[in-house]
Amino acid sequence: MMIEKIYCADVKPKMEGERVRLAGWVYRKREVGNKVFIVLRDSSGVIQTIFIKDLSEDAYGKAKQVGIESSVIIEGTVKSDPRAPTGVEIQADKIEIIQNVEFFPITKDASDEFLLDVRHLHLHSPKVGSIMKVKGTLMQAAREWLLQDGWYEVFPPILVTGAVEGGATLFKLKYFDKEAYLSQSAQLYLEAAIFGLEKVWSLTPSFRAEKSRTRRHLTEYWHLELEAAWMDLWDLLKVEEELVSYMLQRTLEVRKKEIEEFRKDFTTLKNSEPPFPRISYDEAIDILQSKGVKIEWGEDMGADEERILTQEFDKPFFVYGYPKHIKAFYMKEDPEDSRKALAADMLAPEGYGEVIGGSEREDDYNKLVQRIIEEGMDPKNYEWYLDLRKYGSVPHSGFGLGLERLVAWVLKLDHIRWATLFPRTPSRIYP
RNA sequence: GCCGCCGUAGCUUAGUUGGUAGAGCGCCGGACUGUUAAUCCGGUGGUCGCCCGUUCAAGUCGGGCCGGCGGCGCCA
C-alpha cells in the first residue's frame with residue numbers, strides 16, 4: 001500500500017483551489033474559536049491545515065481531539081494565505097486519524113539527556129531530520145566524486161582478529177571457539193585490496209572500546225576510508241582536499257536550507273576549496289609556543305592545543321610530519337628525517353579539529369616488522385599483512401575520515417552524538 | 001584510566017538554619033471569529049535515584065551503591 005499523497009513542501013500558493021491529500025504527523029495544534037489549526041509535518045517539511053467547524057463538523061471534531069505527533073491523513077483545498085506560517089495552507093474537510101497519540105513524551109523543555117533516552121522518538125524532529133539529510137548528502141557527494149575519480153568501492157569485514165591502532169581498545173566477542181573483535185578500521189583490509197583494484201574506498205562502522213567522554217568521540221561511528229597504490233603522502237593530501245571540498249560544495253548547493261538551520265556563517269564552508277593550507281608539525285609547535293602554549297617537540301597535541309591551532313585558519317588545513325613515536329606502526333618513516341612519519345591529519349576550523357587521519361604506509365617488509373616489534377606487538381599476528389610487503393609491495397597511502405566529525409563541523413553541532421541516528425557512547429547503547 | 005558535577009511530577013525545575021513538597025510546560029475540562037511553541041480560567045499529577053545511618057523529625061546531614069552528565073587522555 002502506497003498512500004497517494006503530496007509532500008508538505010510541495011504545496012505552493014499557485015496551487016490555489018487544488019484539492020490535495022497529505023499524510024504525516026501532527027506537529028502543532030492550536031484551537032481558536034470555531035477553528036482548529038493543525039501544522040502537519042512530513043519528511044519534506046510542514047504545512048498548516050485549518051479545520052473550520054461550519055465547513056465540516058465531522059472533520060473539525062476529529063481535528064479537535066487529535067494529539068501532537070499523531071499520524072494522520074488530511075484532505076482539503078489549497079489556499080494561499082499570508083497568515084499561514086509558509087504563506088499557504090490547506091482548508092481541510094477530511095482527516096483520517098491513523099493513530100492518535102494521547103501525549104508525546106517530548107515537549108519543549110526536554111534536556112539533551114532526555115532526548116537521548118527517547119532518541120527513537122526524537123527522530124520525529126525535523127531538526128534531527130535535517131542533520132541526517134546533510135549527512136546523507138555529504139556521502140552522496142563523496143560517492144559522486146569517488147566514482148568520477150576512478151575509485152572502487154569495496155566491502156571489508158567487520159569481524160576481525162587484530163588491532164589496527166596499537167594501543168586502541170577493541171570490543172571483544174566470541175566467535176565460535178575463537179576470539180574475535182569488532183573492526184576499528186578497515187585500513188589493513190583496504191591495503192590488501194589495492195593489489196587488485198589500486199584505488200579503493202569503503203564506508204563502514206568502526207568501533208572503539210575507549211571510554212572517551214568527549215564531544216568528538218563515539219564508540220561506534222561511520223568511517224570513510226580510502227587506500228591507493230602508487231600514491232605518496234602528497235598525492236594523498238590532494239585527494240583528501242579535493243574529496244572533502246567536493247563534499248562540502250555539493251552539500252552547500254543541495255542542503256543550504258538545512259545547513260542554515262544550524263549555522264548562519266557559511267564562510268569557512270565556502271572557503272573550503274583546494275588547496276588547503278599545509279603546515280608541518282614543527283610549524284604547528286612554533287605557532288603554539290608563540291601563543292604561550294607549553295609544548296615541546298615530540299609531544300602529541302592535545303585537544304586544547306588542537307583547538308588553538310584551528311583558530312588560526314578559516315578553512316580545513318593539514319598538519320604533516322608528526323614524530324614517528326606518536327603515530328601508528330604502519331605509517332612510513334620519513335626518509336629525510338627518521339624521527340618523523342609520513343603522516344598528515346586534516347583539521348577542521350572553528351575549534352573542531354581532526355576529521356581525517358592519513359599517511360603513506362610502510363611498504364618495506366623489514367622496516368614494518370621492526371616497527372611492529374618496537375610497538376611491543378608480535379609480528380606473528382600480522383602475518384597476512386606482512387605478506388603484502390613480500391608479494392609485489394608498492395608504495396601506497398590512505399586515510400580515514402570520521403563522517404560524524406565532518407557533519408558536526410559543517411553544522412556546528414556541540415556534540416558528535418547528534419550526527420548519528422542512535423549514538424553509542426561508553427554509557428549509552430540503548431535505545 | 002583520571003578530575004569535576006548532577007539525580008525532586010511525563011518533561012524543565014524551586015525547596016532557606018532539618019519541621020512533613022511548590023511552580024512552569026504537558027495532559028484533561030471549559031472559554032475564545034486566524035492561531036504562529038496562541039491566550040485566559042479550572043483540574044490532574046510525587047516511592048524527592050536506591051540502601052543504611054544520625055535525629056523526636058531527613059528532599060535537606062553522613063556513608064555506601066546505582067545511573068547519568070562535563071572535561072582530560074586516546075583517536076576519526
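All figures in this text were calculated on a predicted structure; none of them were measured in a lab. In the text below, chain A, chain B and the rest are named by the order of the sequence lines, each starting its count at 1.
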At 4.0 Å (heavy atoms only), tell me whether A:E404 reaches a base, stays on the sugar-phosphate, or touches nothing. nothing
Say you pick atom C1' in B:G7 and the same atom in B:A38; how far apart are they, in whole Å? 34 Å
Is the count of non-hydrogen atoms from other residues, nucleotides or ligands lying under 6.0 Å from A:Q65 atom CD greater than 12? yes
Between B:C69 and A:S427, is there an OP1 or OP2 to side-chain N/O distance shorter than 4.0 Å? yes
Do any side-chain nitrogens or oxygens of A:R216 fall under 4.0 Å of OP1 or OP2 in B:C74? no
Between the side chain of A:S44 and the main-chain N/O of A:C8, is any donor-acceptor distance below 3.5 Å? yes
Would you mind telling me which of B:G34, B:G70, B:C25 lies closest to the side-chain atoms of A:K108? B:C25
N/O (side chain, A:R28) to phosphate O (OP1/OP2, B:A37) under 4.0 Å: no
As its Watson-Crick or G-U partner within any shown strand, both distances under 3.5 Å, B:U16 has none
Ring of A:F103 versus six-membered ring of B:C27: centres under 5.5 Å and planes under 30°? no
Considering only B:A76, B:C11, B:G68, which nucleotide approaches the side chain of A:L218 most closely? B:A76
Using the aromatic ring of A:Y221 (for Trp, its six-membered ring), decide whether it stacks on the base of B:A76 within the limits of 5.5 Å and 30°. yes
Choosing from B:A76, B:C74, B:C11, which nucleotide comes nearest the side chain of A:S212? B:C74
Under 3.5 Å, is there a donor-acceptor pair between the side chain of A:S245 and the main chain of A:S272? yes
Given the options A:E261, A:E258, A:R255, A:E260, A:S130 meets side chain to side chain donor-acceptor pair (under 3.5 Å) only with A:E261
Counting any heavy atom closer than 4.0 Å, what does A:D300 reach on the DNA or RNA strands: base, sugar-phosphate only, or nothing? sugar-phosphate
For the side chain of A:E113, starting at C-beta, report the closest nucleotide among B:G68, B:U35, B:C75. B:G68
Classify the nucleic acid contact of A:G302 as base, sugar-phosphate or nothing, counting any heavy atom under 4.0 Å across all strands shown. sugar-phosphate
Partner of B:C40 under the Watson-Crick or G-U wobble criteria, both distances under 3.5 Å, comes out as B:G30
Which nucleotide, in any strand shown, forms a Watson-Crick or G-U wobble pair with B:G1, with both distances under 3.5 Å? B:C72
So which nucleotide from B:C11, B:C69, B:C75 ends up closest to the side chain of A:S111? B:C11
Using a 4.0 Å heavy-atom cut-off across all strands, classify A:A84 as base, sugar-phosphate, or nothing. base
Evaluate A:I90 against A:V78 for side-chain contact (heavy atoms from CB on, under 4.5 Å), listing each step before the verdict. CA-CA 5 Å; A:I90 309 298; A:V78 178; 4.0 Å; yes
Pair partner, B:G53 [Watson-Crick or wobble, under 3.5 Å]: B:C61
Would you find more than 12 non-hydrogen atoms of other residues, nucleotides or ligands less than 6.0 Å from A:F422 atom CZ? yes
State yes or no: are the ring centers of A:Y330 and A:Y385 separated by less than 6.0 Å? no
The side chain of A:P85 is closest to which nucleotide in this list: B:U35, B:G70, B:U36? B:U36
Give the nucleotide from the list B:U35, B:G73, B:U12 with an atom nearest to the side chain of A:R83. B:U35
For A:K53, which contact category applies under a 4.0 Å heavy-atom criterion: base, sugar-phosphate, or nothing? nothing
Check every strand shown and say whether A:L403 touches a base, only sugar-phosphate, or nothing at a heavy-atom separation below 4.0 Å. nothing
Ranking B:C27, B:C69, B:G34 by distance to the side chain of A:I50, first place goes to B:G34
Just checking A:H223: base, sugar-phosphate only, or nothing, at a heavy-atom cut-off of under 4.0 Å? sugar-phosphate
Under a 3.5 Å limit for both distances, which nucleotide forms a Watson-Crick or G-U wobble pair with B:G7, could you say? B:C66
Exam field: side chain A:H122 to backbone A:I106, donor-acceptor pair closer than 3.5 Å: no
Could you walk me through whether A:K315 and A:T268 pass side-chain contact (heavy atoms from CB on, under 4.5 Å), step by step? CA-CA 5 Å; A:K315 65 194 284 191; A:T268 55; 5.8 Å; no
Considering only nitrogen or oxygen atoms on both sides, find all protein atoms under 3.5 Å from nucleotides 28-33 of chain B and state each distance.
unit_1, atom_1, unit_2, atom_2, d
B:C32, N3, A:G33, N, 3.3

From CZ of A:R119 over to C1' of B:G68, roughly how many Å is that when rounded to an integer? 17 Å
Closest to the side chain of A:D109, out of B:G70, B:C72, B:C25, is B:C25
